[in-house]
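Ligands are counted one by one from 1 in listed order, and the atoms in each one are counted from 1 as well. Numbers here simply count residues along the sequence, with the first being 1. On a predicted model such as this, the values are computed, not experimentally measured, just so you know.
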Amino acid sequence: MAETVFPQGFLWGSATSSHQVEGNNTNNDWWAWEHAGRVKEPSGLACDQYRRFREDFDLAKSLHHNAHRFSIEWSRIEPREGEFDEVAIAHYREVIAALRERGLEPLVTLHHYTNPLWLSNQGGWTNPKVVEAFARFTQRVVEALGDQVQYWLTINEPMVYAVMHYLDGVGPPGERNNVRLFVRVVEHLLRAHALSSQVIHHVAKARGWDVRVSLANHAQPFPPCRPWWPIDRVAAGFAEHVYNQRFLKALVEGEWKFPGFPRVRIPEARGSLDFIGMNYYGRVFLRSSLFGSPWWGSRCSTRHHKNVTERNFLEWDVYPSGIRQILRWSVPYRLPVLITENGICTTDDAQRTRFILNHLRWVGRAIQEGAPVMGYLYWSLLDNFEWSYGYTPRFGLIEVDYSTQARRVRESGRRFAEVCRTNRLPEQT
Ligand code: GAL
């Protein structure tokens, strides 16, 4: 492929989330889950970024990033229902100031999987109260930080959140295949995003601030496990439609319908996206099944699948051209698209370099074909707590030695830095 030149003003950087990097988030449901022995190892001090953010942002700046996505920890800001912690709010003001001082555009996520304990004790996202609670939290945060933030992401990967916690049971509250709760949680996530987006726009308008709101939508192609078997093709097509498209469509059309459940009208969702945030990791192969997740069939292992030519450390599929596919899906929405996450865990850093450059080549191709891509954020700036897998998977552009908290920039981090600096990807040799 020829040299790729990215659009002017392209956002280049990386993404993290509070619970995965900050350390000592003792007041949320994930911490409780970890300490109930439900994960390989608890998050503990994580990357100690609550204290070391300046050092980490110095590194991001040295790697020529011009943007950084991070999340605000709800359980720190609102430790008890309705009580806001001014010290925690001041902390995040310092975080944002530190980013701005280094020329890094802050992109702020308001919810990245974790819930304050008081909320999870009331049923978390299954309780309709969560919608108002999230709006109140949003309002407090935006009033306090909004003069310094243009880009807001309300919720990280709503579909993954619902699948992971209510179908797969690998995060709190650990529900398995509970389709009834799953559907309810998705509805509340949609409503919460819509109301939160309204609150952000409302606060910003009253104060004359310019804001752009979205969420980070996880998208993945779903090829059938056995392409010759029509029922696998149906299961895969169904998942692709519901998982990748219906959630976004619901936000644009103001209506959500899950097969077998009543239609839900959410008119306030219309206009809640100013751009589309997309997280992309790879494909998931599906087979029809009576025993897997009941609504779309079950995943088949990528370990032996003959169409999988490359895998990451966790044996997930690596499929660079898929990023072009998901960017194509977003074209009909006529909104700018930001890659809010794309990354690989690997012990082979050369594989990470290839992963980044190959994905960027396909992003470049999608741009040439008309996809309005505004930026690319690699997951993640540094190795961090990978939820139920603990600390073994290494996603970082920067290596973390957890025994000393020392950071070391990887060669892949430097190769990515060259792209960020020049805003171009040299011709493939
Ligand atoms: C995303 C998630 C991140 C991170 C990443 C790597 O789905 O938003 O928190 O864990 O996957 O698995």
Side-chain angles (χ1 to χ4, degrees), residues 13-23 25 28-31 33-34 39-43 46-47 49 68-75 107-115 125 153-168 170-172 189 193 214-222 243-244 247 276-284 299 302 311-319 322-323 326 338-347 351-352 355-356 359 376-398 400 412:
S14 63
T16 63
S17 88
S18 54
H19 194 69
Q20 294 175 273
V21 298
E22 281 181 353
N25 277 322
N28 71 33
D29 56 349
W30 259 90
W31 184 276
W33 175 257
E34 293 158 25
V39 292
K40 203 169 153 261
E41 53 193 329
S43 55
C47 309
Q49 204 189 62
H68 183 68
R69 175 180 170 220
F70 69 100
S71 78
I72 303 267
E73 177 60 33
W74 189 352
S75 66
L107 296 106
V108 179
T109 313
L110 289 168
H111 186 271
H112 198 124
Y113 295 172
T114 53
N115 300 305
W125 286 86
L153 296 151
T154 55
I155 299 173
N156 180 66
E157 300 184 341
M159 285 306 259
V160 177
Y161 177 78
V163 170
M164 181 167 151
H165 299 80
Y166 292 89
L167 293 183
D168 290 350
V170 293
L189 288 162
H193 159 79
S214 187
L215 42 67
N217 184 55
H218 184 259
Q220 54 196 11
F222 286 98
Y243 187 91
N244 288 319
F247 192 92
I276 299 179
M278 280 284 193
N279 292 1
Y280 173 71
Y281 286 85
R283 296 171 297 184
V284 167
R299 288 157 241 185
T302 43
R311 297 165 185 81
N312 74 9
F313 175 79
L314 291 171
E315 296 189 334
W316 304 350
D317 172 53
V318 171
Y319 185 61
I323 202 165
I326 64 139
L338 175 66
I339 302 293
T340 32
E341 286 179 31
N342 174 233
I344 183 170
C345 55
T346 178
T347 50
Q351 189 192 15
R352 186 183 336 273
F355 179 99
I356 296 173
H359 281 78
Y376 173 93
L377 306 176
Y378 177 79
W379 181 275
S380 181
L381 178 63
L382 67 176
D383 295 336
N384 60 46
F385 178 68
E386 179 54 22
W387 308 111
S388 53
Y389 298 107
Y391 286 104
T392 323
R394 301 280 181 156
F395 278 92
L397 298 171
I398 299 168
V400 176
S412 55

Are Thr16 and Ser380 close enough that a side-chain donor and a side-chain acceptor fall under 3.5 Å? no

For the pair Thr109 and Arg69, evaluate side chain to side chain donor-acceptor pair (under 3.5 Å) and give the outcome as yes or no after the intermediate values. CA-CA 7 Å; Thr109 313; Arg69 175 180 170 220; 3.0 Å; yes

Reference residue Trp387; test ring pair (Phe, Tyr, Trp, His ring centres under 6.0 Å); the match among Trp30, Phe395, Tyr161: Trp30

Please find out if less than 6.0 Å separates the ring center of Trp125 from that of His111. yes

Who are the residue neighbours of ligand 1 when the rule is a heavy atom under 4.0 Å from any of its atoms? Gln20, His112, Tyr113, Asn156, Glu157, Tyr281, Trp316, Glu341, Trp379, Glu386, Trp387, Phe395

Modelled atom types, side-chain donor and acceptor of Tyr281 and His218, under 3.5 Å: no

Just jot down the side-chain hydrogen bond (donor to acceptor under 3.5 Å, both in side chains) partners of Tyr113, sequence neighbours excluded, or say none. Glu157

